[in-house]
Every structure is written in structure tokens, then in C-alpha cells.
K.L.:
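Sharing a structure, written as C-alpha cells. Questions coming.
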Amino acid sequence: MDTIFEKSNGISGITLTDEKEDLSFIDKSLLRNSEIGLPQVSELQAMRHYKELSDKNFCIEKGFYPLGSCTMKYNPKVNELLASLEGFANLHPLSDDFDCQGALELMYNLQELLKKITGMSAVSLLPAAGAHGELTGMMVIKKYFEVKGDKRKKVIIPDSAHGTNPASAHLCGFDVVSVKSNEKGQVDIEALKEILDKDVAAIMMTNPNTLGIFEEHVLEISKLMHENGSLLYYDGANLNAVMGYTNPKLMGFDVVHLNLHKTFSTPHGGGGPGAGPVCVTDELKDCLPVPVVDFNGEKYFRNYDLEHTIGKVKAFYGNFGVLIKAYAYILMMGDNLKEASANAVLNANYLKEKLKQAYLLPYDVPCMHEFVLSGEKIKEQYGVSTLNIAKALMDDNTHPPTVYFPLIVHEAIMIEPTESETKDVLDNFISVMLKIAKEAENNSEKLISAPHNTPVKRIDETLAARHPNLKFVQ
Ligand SMILES: *Cc1c(COP(=O)(O)O)cnc(C)c1O
């Protein structure tokens, strides 16, 4: 497909007046003396060009999107409508509290709902995404110990964790210590005990973890940590598995981030925007970033007056549009949030049971909302890698699952169907995955050169990241 520059044909989409503007007030040295070089096509041609490009995108509206850890669920379109209501979308961030009571009330109410969902006591809506929430949460933990005059330097992180966990802890100046997983895919408690000492500020955990397995000893872990004077951080990216069944507070956590764009229905992928609110226990609430939204019985206001606040972590008040969508979604779902989790878990277990006939399932236990297969056997036997399988799925109009994560599973294929999909869609995915497993055996060449039906075929991924060729010529 040609770029818009190559399509340029000198036809202008707009008609300029013949009158030359008087530019004599601009210094001559600043004036361009050559053509500006922008593409020129008619309005209709411009529209067709971008529509054609957009049609090449894959999105949840087009097909199944089982990207593990990302919770690519259906995002009700009506929420977009609500977020674009003029009163919200055109509100100036510097408006006086008095002039934006409605927006502040919405933020306050969302804080209250998130408190209820997580069991926590206070919420900051500021962070722009999950990783930013982690950073904020770890800064809060650091501040908490500073205020106590306790100089703890270490943060423990399971080897199955998302890469942003160690990155966030490290950015806050903590030393990261890895704890290994046991044969059940859970934190090895004996290994944890060995590395636990008075220098440990916190453990960062995801529960269910990135293998989609519930950490059954989480209460024992939280007891160990608290007895040691350490805190527990909950990476809430997997909250979609447990809503209404349990919450981070009941599991013994002190600080939580949520990914509103995952669990609470904001379209994501392609870079945002997202929102990663941080929820904390009573003990930590004075360390939250400012402002938080408060209510004094009469009016809602932005509160900058927290005794040990870490300060500001974002301009203004967070990604407000995402907050609106999350609020609408939670109100819309009500108690059915619990059912969403139940169906997410059911869908994942259904896929897992059907796919383990053909793919290695390293941790063969009931899963939560996602599970991790391994392409290791298929690679050994037929020379077809997990990457090849992912590419082959694209030929069947299916977005590949997450691959090569978590790192502790070789040739990992991480599948998360979410609650939004019907059994027909799951059955179709199963048949495609089983067909690919057969092809690995009988027609491995086809898989190794996949994809065959996509606008862009197999690329050198390293080269493509460094020298992108935006022309799609192949
Ligand atoms: C997605 C994810 C994150 C990071 O969240 P972003 O919103 O992408 O910054 C952290 N941990 C886990 C387990 C995740 O799945």
C-alpha cells in the first residue's frame, strides 16, 4: 500500500483564497523558500487512505483477542459516549472546585467504589497506567518507612512477576530480590523465609499470579511479612479473576494498584490512555500523592493537605476520561462484577482443558482467568516455535496470545479469554489451535513461514523495531 505522500497528486482538499497574506512582519530568514512538501490529495482520497489503513488494524471489534495478562474484554460503547459528554470533555483542568462539582463528585464516588472493591481505605486516581501505579505505590511504601525512620532497602519479587514490578521497585531505589516459584507455580514459602530479614521493605505480588494460579498461601505470606515489619504490594492487573469473591485487603495486602483499562473496561493496546489508581490501607493514606478528592459534607474538593504526601505524580488529576468509563462500567455491572469474574475463570478453564490435549500444560491445576501453555515439546519435536504458532494464528483472524511471558515457562503461550466471549468463539479458537498443532506435525514449513494472509508477512522483528518500513511492500 502506498503512503499518503506517494499518493499525493497535487489535488487539494481545500480551496485557498488567491489573496496572499501580508507576511512582511515575519523576519525574512524565517520564511520558507521551498515547497512545504505536504501530501496533496482530495478529501475523499484522504478519507479512503486512512480508512484502508484502519481496516488493517486488528481490534476487539474484529475478532478474538486472547492476549494474556491484558484482559482484552469488551468495552461497552455507551461508556465512550458518556466520556465524551461536553460537560466532561470540555471541562478545563484549572476550573475552580466550585465550577466542577459534578466531575469531582464522579471522582469521589469512583474512589469509594474502588475502596469497596479492594477493601482498602484510601485511593489516589492520579497514576496514568499500571506501571505508573506501581511506581507511585512503591514511592508511598518508601515514604512510609522514611517517616518511621526505618531504612529498609530490599523488595522481594517472585520470579513469575511482570517486568514492571522489579523496574518500579528499582526506580524507587530499592534492591530487588527474586524469590522462586515452586512446582505448583506459586511462591516457594521456604525460599521466601530464607531471604526475609529486617532489611525487607515489601513483597510485590500478583494474585492470581501471572501463571493464572491463585497463591493459596497468601495469608501465610502476609503474616510472615507483617511479623517482619514488611508491607505487601498487590499488582492488581489480574483483578478480573477475583472481583466480589475476595479482595486484596482480605488477602493481607497494604498497597494495591488497579488497571482500570484492563478490568474496568477502557479500550487499550496501542499505547493508552489508561489509569492505574493506587489504593492503600489506613496506615499509608497520608503518604498518597496529591490531590485526592474529598467531601466535607457540603462540597467536593481537591485535597492537597496530606501530612506525608509524596507530592504530585501527574499533571492535573489523572486520565479523567478513563475514570468516567470505569465509573460507568462499575455502576452498570453492579453485583454482576462477581459474575464477570466467574465467567472469565470458567472460560479460561474450558480452553485449558481442551488445549492441553495438544499443548504442554506445565502447571496442570485449575486456573483462574488465564493459563500458560508451553510450546517447548512442539519445538523439540517439529522445530515449530511458539513465535511460529503465534504468527500462524494471525492467518485465522485471531490475535495471538501473549508469548514468551512469564519468563519461567519456556516457549510460553499465555491465554486469557475474558468473560466477554461466547462458547462459539472459544470453540473456534480451540479448533484453530488444534489445527495448528496438527500442522506442526504434518506441515511445519507452512507454520515456519507464517503468516500468509496478513498485509505484512514474516518480518525480522529486531530490524523492524529499529528501522520500521511503513510502506507494507512485500
Ligand atoms: C499490564 C500489567 C502491568 C502493567 O500495567 P500497564 O497498565 O500496562 O502499565 C503490570 N503487571 C501485570 C501483571 C500486568 O499484566
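Numbers for residues simply follow the sequence, beginning at 1. Order of appearance sets the numbers: ligands from 1, and atoms from 1 within every ligand.
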K.L.:
Could you identify the single nearest non-hydrogen protein atom to atom 5 (O) of ligand 1 and state the distance to 0.1 Å?
P.N.:
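Looking at atom 5 (O) of ligand 1, the protein heavy atom closest to it is Asn259 ND2, 3.0 Å.
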K.L.:
Is there a heavy atom in His132 that sits closer than 4.0 Å to ligand 1?
P.N.:
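Judged by the 4.0 Å heavy-atom criterion, His132 does not count as contacting ligand 1.
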K.L.:
Does the separation of the ring centres of His162 and Phe405 fall below 6.0 angstrom?
P.N.:
yes
K.L.:
By number and element, which atoms of ligand 1 are closer than 4.0 Å to a non-hydrogen atom of Ser69?
P.N.:
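Those of ligand 1 that fall under 4.0 Å from Ser69 are 13 (C), 14 (C), 15 (O).
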K.L.:
What is the closest protein heavy atom to atom 9 (O) of ligand 1, and at what distance does it sit?
P.N.:
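Among all protein heavy atoms, the one nearest atom 9 (O) of ligand 1 is Ala131 N, 2.8 Å.
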K.L.:
Look at the side chain of Asn259 and the backbone N and O of His261, then say whether any donor-acceptor pair between them is shorter than 3.5 Å.
P.N.:
no
K.L.:
Does an N or O from Asp235, backbone or side chain, lie closer than 3.5 Å to an N or O of ligand 1?
P.N.:
yes
K.L.:
His261 to ligand 1: N or O pair under 3.5 Å?
P.N.:
yes
K.L.:
With a 4.0 Å cut-off on heavy atoms, does Glu134 reach ligand 1?
P.N.:
yes
K.L.:
Around atom CD of Gln357, are there more than 12 heavy atoms from other residues, nucleotides or ligands closer than 6.0 Å?
P.N.:
yes
K.L.:
Measure the CG-CD distance between Asp286 and Glu283 for me, rounded to the nearest 0.5 Å.
P.N.:
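Taking CG in Asp286 and CD in Glu283, the distance rounds to 11.0 Å.
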K.L.:
Please say whether Ala237 places an N or O atom under 3.5 Å from an N or O atom belonging to ligand 1.
P.N.:
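No, there is no polar N/O contact under 3.5 Å.
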K.L.:
Using a strict 4.0 Å cut-off to heavy atoms of Ala129, name the atoms of ligand 1 that fall inside it.
P.N.:
7 (O), 9 (O)
K.L.:
Quick check on contacts: which atoms of ligand 1 are under 4.0 angstrom from a heavy atom of Lys262?
P.N.:
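Taking each heavy atom of Lys262 in turn, ligand 1 has 1 (C), 2 (C), 3 (C), 5 (O), 14 (C), 15 (O) under 4.0 Å.
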K.L.:
Would you give the length of the straight line joining atom CG of Leu306 to atom CG of Asp294, rounded to the nearest 0.5 angstrom?
P.N.:
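Taking CG in Leu306 and CG in Asp294, the distance rounds to 8.0 Å.
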K.L.:
Indicate yes or no for a side-chain donor-acceptor contact from Glu134 to the backbone of His257 under 3.5 Å, with no hydrogens or angles considered.
P.N.:
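No, Glu134 side chain to His257 backbone: no donor-acceptor pair under 3.5 Å.
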K.L.:
Decide if atom NZ of Lys312 counts as having more than 12 heavy atoms of other residues, nucleotides or ligands within a radius under 6.0 Å.
P.N.:
yes
K.L.:
For ligand 1, which atoms sit closer than 4.0 Å to a heavy atom of Gly130?
P.N.:
5 (O), 6 (P), 7 (O), 9 (O)
K.L.:
For Leu407, check side-chain contact (heavy atoms from CB on, under 4.5 Å) against everything at least two apart and list the hits.
P.N.:
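Scan of Leu407 (side-chain contact (heavy atoms from CB on, under 4.5 Å), adjacent residues dropped) gives none.
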